[in-house]
**Student:** 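Quick one: this structure, given as structure tokens, is what I'll be asking you about.
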Amino acid sequence: QVQLVESGGGLVQAGGSLRLSCAASGRTFSSNAMGWFRQAPGKEREFVAAISWGGRNTYYADAVKGRFTISRNNAKKTVYLQMNSLKPEDTAVYYCAAARGSGPEKRPNEYDYWGQGTQVTVSS
């Protein structure tokens, strides 16, 4: 089992920044890829970013490429999502997830464990 707890969400003006954190506990964390997804009201959950087990490989959705950065600290069992130049359309609940494998994946069904989510609201 892996338990994931997100933090760092909040209300920010357009153009601002937020840094989300996801703390993992339980079984081995460092061997699994990690991802961030988001879900806006009335919309399906969508992929945001993913990072390989060692942090060498990352993968981003086109909508956030160049603005968001995913990183991880395996010693702290934590994965981060730095979000810059935020837009109102980034408003959503953001979820951290642990993948079944070691490589970054964008498909939700490749992830076995999910956090409870943290709300990000970007005002215009």
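Along the sequence shown, the residues carry numbers beginning at 1. Model, not experiment: these values are computed from the prediction. For the numbers below, each heavy atom of this structure counts, side chains included, while hydrogens, waters and symmetry mates do not.
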**Student:** Is Asn84 reaching over with its side chain to a backbone N or O of Thr69, donor-acceptor style, under 3.5 angstrom?
**Tutor:**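 It does not hold such a pair.
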**Student:** Going by heavy atoms in the side chains, are Val120 and Val122 under 4.5 Å from each other?
**Tutor:**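 Yes; the side chains approach each other to less than 4.5 Å.
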**Student:** Please set out all donor-acceptor pairs under 3.5 angstrom arising from side-chain atoms of residues 98-106, sequence neighbours excluded.
**Tutor:**
| residue | atom | partner | partner atom | Å |
| --- | --- | --- | --- | --- |
| Arg100 | NE | Asp112 | OD1 | 3.0 |
| Arg100 | NE | Asp112 | OD2 | 3.3 |
| Arg100 | NH1 | Asn109 | O | 3.4 |
| Arg100 | NH2 | Asn109 | O | 2.8 |
| Arg100 | NH2 | Asp112 | OD1 | 2.9 |
| Glu105 | OE1 | Arg107 | NH2 | 3.4 |

**Student:** Could you see if Phe68 belongs to whatever hydrophobic cluster contains Tyr59? Use Ile, Leu, Val, Met, Phe, Trp, Tyr and a side-chain cutoff under 4.5 Å.
**Tutor:**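 Phe68 and Tyr59: separate clusters.
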**Student:** Between the side chains of Asp62 and Lys65, is the shortest nitrogen-to-carboxylate-oxygen separation below 4.0 Å, so that they form an ion pair?
**Tutor:**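 Salt bridge present between Lys65 and Asp62.
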**Student:** At their closest point, which heavy atom of Ile51 faces which heavy atom of Thr58, and how far apart are they?
**Tutor:**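 Where Ile51 meets Thr58 most closely, the heavy atoms are CG1-CG2, 3.8 Å.
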**Student:** For Ala61, what residues pass the side-chain contact (heavy atoms from CB on, under 4.5 Å) criterion, not counting sequence neighbours?
**Tutor:**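 For Ala61, the residues satisfying side-chain contact (heavy atoms from CB on, under 4.5 Å) (neighbours in sequence not counted) are Phe47, Val64.
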**Student:** Looking at side-chain heavy atoms only, is the closest gap between Glu46 and Arg38 below 4.5 Å?
**Tutor:**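 Yes, their side chains come closer than 4.5 Å.
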**Student:** Between atom NZ of Lys77 and atom SG of Cys22, what is the distance when rounded to the nearest 0.5 Å?
**Tutor:**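 If I round to the nearest 0.5 Å, the distance is 12.5 Å.
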**Student:** If hydrophobic clusters are built by linking Ile, Leu, Val, Met, Phe, Trp and Tyr wherever their side-chain heavy atoms come under 4.5 Å apart, do Tyr80 and Leu4 end up in the same one?
**Tutor:**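 Result: no, two separate clusters.
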**Student:** Identify whether Val93 and Met34 are in the same connected component of the hydrophobic contact network (ILVMFWY, side-chain heavy atoms under 4.5 Å).
**Tutor:**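 The answer is no; the residues belong to distinct hydrophobic clusters.
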**Student:** Tell me, do Thr91 and Gln119 make a side-chain contact under 4.5 Å, heavy atoms counted?
**Tutor:**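 Sidechains of Gln119 and Thr91: in contact.
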**Student:** List the atom of Asp90, the atom of Ser85, and the distance in Å for their closest heavy-atom pair.
**Tutor:**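 Heavy atoms of Asp90 and Ser85 come nearest at OD2-O, 4.5 Å.
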**Student:** Using the test ring-ring contact (aromatic ring centres under 6.0 Å, His included), find all partners of Tyr94 that sit at least two apart in sequence or belong to another chain.
**Tutor:**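 Tyr94 satisfies ring-ring contact (aromatic ring centres under 6.0 Å, His included) with no residue once adjacent residues are dropped.
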**Student:** Considering non-hydrogen atoms only, spot the tightest contact between Thr78 and Ala23 and give its length.
**Tutor:**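 Minimum heavy-atom separation between Thr78 and Ala23: OG1-CA, 4.2 Å.
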**Student:** Please check if the side chain of Tyr95 supplies one atom and the backbone of Glu6 the other of a donor-acceptor pair under 3.5 Å.
**Tutor:**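 Side chain of Tyr95 to backbone of Glu6: no pair is present.
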**Student:** For this output row, return yes or no: ring centroids of Trp114 and Phe37 closer than 6.0 angstrom.
**Tutor:**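 Yes.
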**Student:** Atom OG1 of Thr118 and atom CG of Leu18: how far apart are they, to the nearest 0.5 Å?
**Tutor:**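 Taking OG1 in Thr118 and CG in Leu18, the distance rounds to 9.0 Å.
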**Student:** Do Trp36 and Tyr111 sit in one hydrophobic cluster, given that two such residues count as connected whenever their side-chain heavy atoms are within less than 4.5 Å of each other, even indirectly?
**Tutor:**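 Hydrophobic grouping puts Trp36 apart from Tyr111.
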**Student:** Distance from Asn32 atom CG to Asn74 atom CG, nearest 0.5 Å?
**Tutor:**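 The CG atom of Asn32 sits 9.5 Å away from the CG atom of Asn74.
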**Student:** About how many Å separate OG of Ser21 and CZ of Arg72, when rounded to the nearest 0.5 Å?
**Tutor:**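 Reported to 0.5 Å precision, the distance equals 13.5 Å.
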**Student:** Same hydrophobic cluster for Ile70 and Trp53, using side-chain heavy-atom links shorter than 4.5 Å among ILVMFWY?
**Tutor:**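 No, no single cluster joins them.
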